[in-house]
Amino acid sequence: MSANRPAAVVVLAAGEGTRMKSATPKVLHTLCGRSLVGHVVAASRELDPEHLVVVVGHAREQVQAHLSAVDPAARTAVQHEQNGTGHAVRTALEELSQSGVAVDGTVIVVCGDTPLLTGETLRLLGDTHAADGNAVTVLSAEVPDATGYGRIVRDESSGAVTAIVEHKDASVAQRAIREINSGVFAFDGRLLVDALGKVRTDNSQGEEYLTDVLGIVREAGHRVGAAVAGDHREILGINNRVQLAQARRLLNDRLLERAMLAGVTVVDPASTWVDVSVTFEPDATVHPGTELLGATHIATGAEVGPHSRLSDTSVGAGAVASFTVAEGARIGEGANVGPYAYLRPGTDLGPKSKAGTYVEMKNASIGEGTKVPHLSYVGDATIGEFTNIGAASVFVNYDGEAKHHTTVGSHCKTGSDNMFVAPVTVGDGAYTAAGSVITKDVPPGSLAVARGQQRNIEGWVARKRPGSAAAQAASAARQESEGER
C-alpha cells in the first residue's frame, strides 16, 4: 500500500450512456464478471482511501443498489442534473461536508466507465502528485493515435503541465503531441474545493468543467503536473458495445497472462474466457473453448475443457472436466466429469468419482470412487462410496409439489434403466436389477427386482405384419436355423 493514502476517491458514474442503446445503465454493463463501475471501485479500494464517493444520477436507484451489494462501505452522492464533471465532483464533496467530513489531503477523481484502470496506476498518480508537490496531477497516457483526445502541453524546462488543449482547438504542432488527458486527476483537496467555487458555466454546454480547475490553480501560482500511465489502454473509456467488447478482450488477456505466468497452462487464450474472481493453482490446465466464471477455482493438476463452462465451481487436484457445464458444484480430487455432463447447484462429487456422458446432477452428494457413467439424472440424492449407478437411471425426485430425497449406500450396484422413486433408500452393498422401478427401501445386501415377467408371443410378426421387412427377416432366420439342424 502506498504511504500517500488519499483523503477521498470520487468516482463519476452519473451519466446515462445513450450510445450503449440499453435499458441497463452504462456503468452496470459487465465484463469479466464485474460491472464497469465495480472495476473502478475495486481499483480505487486498492489505495485504501479514507472515503470513497460514487456520484450517481441516471438510474441512480439501480446503481445505488448495485453498489450496496458490491461495496457497502462506498458512499453515493446524487447529481440530480448532469451539469458537468466539475458539478459532479462538487456534489461529492458537498456530500462529505454534510456528513461532517472536511477534506484535507489528496482527492483522486476517476471515471466510472474505465474498467481497465488498475490500482497500480492510481498509486502512480498519487505518488507522483505527492512527490512533485502538485496542486493538480493529470493521469496521462502516450497513445499511438491521439486524434480526438485532449493534448497535454508541458513546460519544456520543468515538465509542468501548462494546458490541456482539445483536438479541435489544437495547433498543428500541438496535434503532433501523443500524450493525452485521461480524465483522471489527483487534486489538493483544499485547493479543489476553492477552485470549484470559481468554475464558470459560460461555455457551449453551459456546464461546470472539472478541467477548468487546472487553469484556476495555475493562475493562483500552483503547479500542475502529469503522471504517465504505463499502458495507454488502461484509460480507455466505454461508450458503446464495440468498446465494451474490446475492453473485455483486453482484460481477459490480462487475466490469462497473469494466470499463465503463475504456472497455469492455457492452451488457447483466444478462446478461453475468465472472470476476475476465478483462481488457479500451478499446473492447472485449461483447454480451448472454456469459460470460467464467478468464484471458480481450479486446483493443481486439474484439467478443464475443452468446451466447458464452469460457474462458482471448484475443481479438485487432478480432476478432469471435459465438455462440461457446472454451476455451484464441487468436483473432488481425481474426479472425472463428462463429456457432455451438466452439474447443477449443490452437486458435490467425491474424490475419484465420475459423472459421465450425458449425466445431469443437482443437489447430489456423490461418494468417493462412485460412478454415474452415462445417460442418467441424479437429483436430490446422496450416494455412498464405490457405488456404480447403471446407465439410463433416473432419480425421480419431484411429485408435482415437492422434492424428495433418495439415498443409495456404499458398494451398491444398480442396474441400467432404473427409476428410484423418492423418498427411497437403497442399503449398503445392495443390487437392483436392470429395468426396475424402485419404490420401496432396499435392505443392505439385497437384490431388488421390480419389473414384470417377460412373455414371448411366437409368430406375432408374421400374423400382424405379414410381408413386412421384419417378417421376411424372421422367416429367413427361421429357415436358416432349420437348415442347420
Side-chain angles (χ1 to χ4, degrees), residues 1-2 30-36 38-48 110 114-128 139 141-144 182 184 227-236 238 243-322 324 326 330-331 333-334:
M1 184 191 305
S2 169
T30 61
L31 68 163
C32 299
R34 187 180 283 165
S35 68
L36 299 184
H39 283 288
V40 176
V41 167
S44 301
R45 279 296 182 201
E46 292 186 35
L47 304 183
D48 189 30
V110 296
T114 53
L116 300 178
L117 192 61
T118 63
E120 181 182 1
T121 295
L122 289 177
R123 266 192 295 274
L124 169 69
L125 174 65
D127 291 347
T128 302
L139 179 64
E142 294 184 356
V143 297
S182 70
V184 177
V228 183
D231 184 346
H232 70 273
R233 296 173 298 182
E234 282 195 35
I235 69 169
L236 293 175
I238 308 302
Q243 293 172 343
L244 180 66
Q246 293 168 341
R248 182 180 292 113
R249 176 80 270 173
L250 290 169
L251 180 54
N252 191 72
D253 288 346
R254 182 194 295 174
L255 295 170
L256 292 177
E257 180 178 297
R258 184 185 306 164
M260 289 186 285
L261 292 174
V264 178
T265 295
V266 180
V267 176
D268 182 21
S271 67
T272 301
W273 296 90
V274 296
D275 279 354
V276 293
S277 47
V278 171
T279 54
F280 300 91
E281 294 176 14
D283 289 323
T285 298
V286 183
H287 291 286
T290 294
E291 288 183 275
L292 303 175
L293 311 174
T296 292
H297 177 76
I298 313 299
T300 296
E303 294 190 40
V304 177
H307 305 293
S308 296
R309 187 177 192 271
L310 274 55
S311 176
D312 299 317
T313 293
S314 64
V315 182
V320 175
S322 62
T324 295
R330 189 186 76 86
I331 300 171
E333 294 185 6

- Item | From CA spacing to verdict: side-chain contact (heavy atoms from CB on, under 4.5 Å), Ile235, Thr114 | CA-CA 6 Å; Ile235 69 169; Thr114 53; 5.8 Å; no
- When you look at Val264 and Ile298, which way does the side-chain contact (heavy atoms from CB on, under 4.5 Å) test go after all the steps? CA-CA 10 Å; Val264 178; Ile298 313 299; over 6 Å; no
- Task: Go through the steps for Val184 and Thr121 under the test side-chain contact (heavy atoms from CB on, under 4.5 Å), then give the verdict.
- Result: CA-CA 11 Å; Val184 177; Thr121 295; over 6 Å; no
- Message: Apply side chain to side chain donor-acceptor pair (under 3.5 Å) to residues His297 and Thr279 and explain how you reach the verdict.
- Response: CA-CA 5 Å; His297 177 76; Thr279 54; 2.7 Å; yes
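No donor-acceptor pair under 3.5 Å is formed between the side chain of Asp283 and the backbone N or O of Gly301. One N or O on the side chain of Thr313 and one on the backbone of Ser311 form a donor-acceptor pair closer than 3.5 Å. Judged purely by atom type and a 3.5 angstrom limit, Thr128 has no side-chain atom pairing as donor or acceptor with the backbone of Gly126. In terms of modelled atom types and a separation under 3.5 Å, the side chain of Arg233 and the main chain of Ala247 share no donor-acceptor contact. Judged by distance alone, the side chain of His287 and the main-chain N or O of Ser308 form no donor-acceptor pair under 3.5 Å. Side-chain atoms of Arg309 do not come within 3.5 Å of backbone N or O of Gly289 as any donor-acceptor pair.
Closest non-hydrogen pair, Ala141 versus Val228, comes out as CA-CG1, 4.3 Å. Closest approach of Ile331 to Ala319, counting heavy atoms only: CG2-CB, 3.9 Å. Nearest heavy atoms, Asn252 versus Trp273: OD1-CA, 3.3 Å. Closest approach of Leu125 to Leu139, counting heavy atoms only: CD1-N, 3.8 Å. In plain terms, the two heavy atoms of Ala270 and Arg249 that are nearest each other are O-NH1, 3.1 Å. Here the closest non-hydrogen pair linking Leu256 and Thr272 is CD1-O, 3.4 Å.
The distance from the CG atom of Asp312 to the OG atom of Ser277 is 7.5 Å, given to the nearest 0.5 Å. Rounding to the nearest 0.5 Å gives a distance of 8.5 Å between CG of Leu293 and CG of Leu310.
When side chains are defined from C-beta on, Glu234 does not count as touching Ser182, because their heavy atoms never get closer than 4.5 Å. With a 4.5 Å cut-off on side-chain heavy atoms, Thr300 and Pro282 count as touching. Looking only at side-chain heavy atoms (C-beta outward), Val267 and Thr290 stay at 4.5 Å or farther from each other. Looking only at side-chain heavy atoms (C-beta outward), Leu47 and Arg123 come within less than 4.5 Å of each other. A 4.5 Å side-chain heavy-atom check between Gln246 and Gln243 finds at least one atom pair inside the cut-off. At least one side-chain heavy atom of Leu251 sits less than 4.5 Å from a side-chain heavy atom of Val276. Counting heavy atoms from C-beta on, the side chains of Arg34 and Asp275 never come closer than 4.5 Å. Put simply, the side chain of Glu46 does not reach to within 4.5 Å of the side chain of Thr118, judged on heavy atoms.
The 12-atom threshold is not exceeded at CD of Glu120, counting heavy atoms of other residues, nucleotides or ligands nearer than 6.0 Å.
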